[in-house]
Amino acid sequence: MRRVVFVLPAGLALLAGLDAALLLLGLPAPLTTERLPQIHGVLLVLGFVGTVIALERAVALRTRWGFAAPALLGAGALALLSPAPLVVGQVLLVAGCGALCLVYVPLWRRQRDDAVLVQLIGALLATGGALLWLGGVGVADVLPWLACFVVATIAGERLELARIAFLGRGAALILWVCWALAVGCVATLLWPAVGYVLLGAAVLVLCGWLAVHDVARRTIRSTGLARYMAACLLAAYVWLAVAGTIWLLAGRQATGPGYDAVIHAIFLGFTISMIMAHAPVILPAVLRVRLPYTPLMYGPAVLLHLGLLVRLGLGDARDLPVAHQVGGILNVAALLAFVVLMLGVGIRARLAPAPGTRPRDAVGPMPSLLEETVP
């Protein structure tokens with residue numbers, strides 16, 4: 001239960017981020033503050049996703065000091081939501097991202113695996129993005145750093161699985177592609193015309209490799225949880241390809257439909273779909289609770305992708321404000337439905353003992369790092 005303390009700030013960041021999303025859509029929201037729309041993106045990426053990633057890595061490291069990363073990121077999210085000066089939250093987020101970088105050092109010494117280096121690159125990009133935001137750089141220019149943070153982190157985790165499944169050809173290629181992402185992020189600040197083309201090309205190469213070599217291509221033909229996870233993973237790669245294509249062909253997107261399409265293709269279509277895919281196995285490993293598979297898990301996932309199709313395909317591509325709002329509402333509903341479903345499944349599993357066990361044994365030992373990522 002102590003680990004729940006680290007999850008609560010992430011949960012608050014998610015709820016506040018969804019509230020800000022409604023405000024940005026021009027819709028009524030439960031809470032209205034001047035700061036919320038300004039911190040919407042950073043709050044969700046570093047406050048929510050960053051805290052969750054840091055907590056999972058801290059659990060894998062199995063040392064107390066590793067939990068400094070999720071603690072600092074969570075504290076940063078809470079500071080952003082508080083009346084404290086904005087700089088307080090920014091400094092805490094920088095410290096949390098830096099602590100996450102340190103977590104990967106002993107993980108790499110333990111495994112000597114390119115997959116860990118790929119994730120370390122992602123953490124370095126998160127730190128760079130947080131520093132840029134602290135230094136006064138606009139969110140639109142910080143976006144590539146935050147996007148490549150989640151892309152590299154998820155790619156590293158999928159690379160671990162691909163190697164274990166004997167589909168891990170080209171692991172060195174992925175490492176080089178992630179270094180290209182890092183170079184591209186720097187170039188977007190110095191030479192935007194070159195930087196965004198490099199980012200788009202690197203994202204498409206990475207997306208293509210993952211789509212071809214990921215074990216999800218095989219497990220999509222299975223049943224139950226494995227098929228559900230595979231469907232979420234493959235859909236995520238489609239949205240990542242959409243974002244990469246926009247960067248490659250259209251370059252920097254600072255405002256307008258192109259900006260909206262890129263950020264939501266990456267942070268909703270790719271990132272949230274990946275979270276939906278892995279939550280049934282990662283949350284039990286982190287929080288020591290069972291989350292038995294139920295076909296109801298398809299509901300939030302379908303709602304998420306339907307909302308993105310409406311928002312990007314009609315709202316952004318056809319410049320239809322109503323479709324933009326409808327798609328956004330569907331996305332907010334999908335995330336809320338997923339949270340409620342996970343809570344309901346977890347509580348029900350907690351109250352009902354696992355088959356063949358006594359009630360006190362309902363929660364088994366924490367899965368290994370491999371078990372956390374196998375669909």
Side-chain angles (χ1 to χ4, degrees), residues 10 13-14 17 40-57 69-70 73 76-77 93 96-97 100-101 103-104 115-130 132-133 139-161 174-175 177-182 184-185 188 199-200 202-207 209-211 214 232-233 235-244 246-247 253 259 261-279 282 304 308 331 335 338 373:
L14 173 61
H40 166 67
V42 177
L43 185 65
L44 286 174
V45 177
L46 296 181
F48 170 57
V49 178
T51 301
V52 171
I53 289 173
L55 179 57
E56 190 271 336
R57 294 291 84 187
L73 288 168
L93 291 179
C97 292
L100 178 59
C101 292
V103 167
Y104 284 111
V116 179
L117 291 180
V118 169
Q119 295 172 68
L120 174 58
I121 292 172
L124 290 171
L125 291 174
T127 307
L132 289 171
W133 192 46
V139 174
D141 292 316
V142 174
L143 166 68
W145 296 73
L146 301 183
C148 291
F149 156 56
V150 296
V151 169
T153 301
I154 293 172
E157 292 185 349
R158 299 310 299 172
L159 180 58
E160 287 179 338
L161 175 59
I174 298 305
L175 182 57
V177 168
C178 287
W179 280 120
L181 290 176
C185 285
T188 59
L199 275 187
V203 164
L204 287 175
V205 170
L206 180 61
C207 183
W209 188 93
L210 289 170
D214 201 299
C232 290
L233 293 172
Y237 296 146
V238 172
W239 290 115
L240 182 60
V242 169
I246 293 174
W247 270 340
Q253 303 296 314
Y259 177 75
V262 168
I263 62 176
H264 291 97
I266 292 179
F267 295 124
L268 284 180
F270 177 69
T271 307
I272 298 301
S273 189
M274 283 287 184
I275 290 175
M276 287 182 172
H278 290 94
I282 288 183
L304 173 73
L308 282 169
N331 292 151
L335 283 163
F338 183 72
T373 52

Roughly how far apart are [X] [atom1] and [Y] [atom2], rounded to 0.5 Å?
| X | Y | atom1 | atom2 | answer |
| --- | --- | --- | --- | --- |
| N331 | I272 | CG | CD1 | 9.5 Å |
| W247 | L199 | CH2 | CG | 5.5 Å |
| C101 | Q119 | SG | CD | 12.0 Å |
| L55 | L73 | CG | CG | 10.5 Å |
| L117 | I174 | CG | CD1 | 13.5 Å |
| I282 | E56 | CD1 | CD | 5.0 Å |

Closest non-hydrogen atom pair between [X] and [Y], with its separation:
| X | Y | value |
| --- | --- | --- |
| C148 | L181 | SG-CD2, 3.9 Å |
| Y237 | C207 | O-SG, 2.9 Å |
| C185 | W145 | O-NE1, 3.5 Å |
| C232 | A277 | CB-CB, 3.5 Å |
| G244 | V203 | CA-CG1, 3.8 Å |
| I121 | A182 | CG2-CB, 4.3 Å |

Side chains of [X] and [Y], heavy atoms from C-beta outward: is any pair under 4.5 Å?
| X | Y | answer |
| --- | --- | --- |
| W209 | L159 | yes |
| I263 | L143 | yes |
| E157 | M274 | no |
| W133 | L93 | yes |
| I154 | F270 | yes |

V150, V262, L44, V49 screened by side chain to side chain contact (heavy atoms under 4.5 Å, CB included) with F267, the one that passes: V150
Qualifying residue, where the test is side chain to side chain contact (heavy atoms under 4.5 Å, CB included) with F48 and the options are L14, I53, L335: L14
Derivation of the side-chain contact (heavy atoms from CB on, under 4.5 Å) call for V151 and L240: CA-CA 9 Å; V151 169; L240 182 60; 3.8 Å; yes
For W239, side chain to side chain donor-acceptor pair (under 3.5 Å) partners two or more places apart: H305
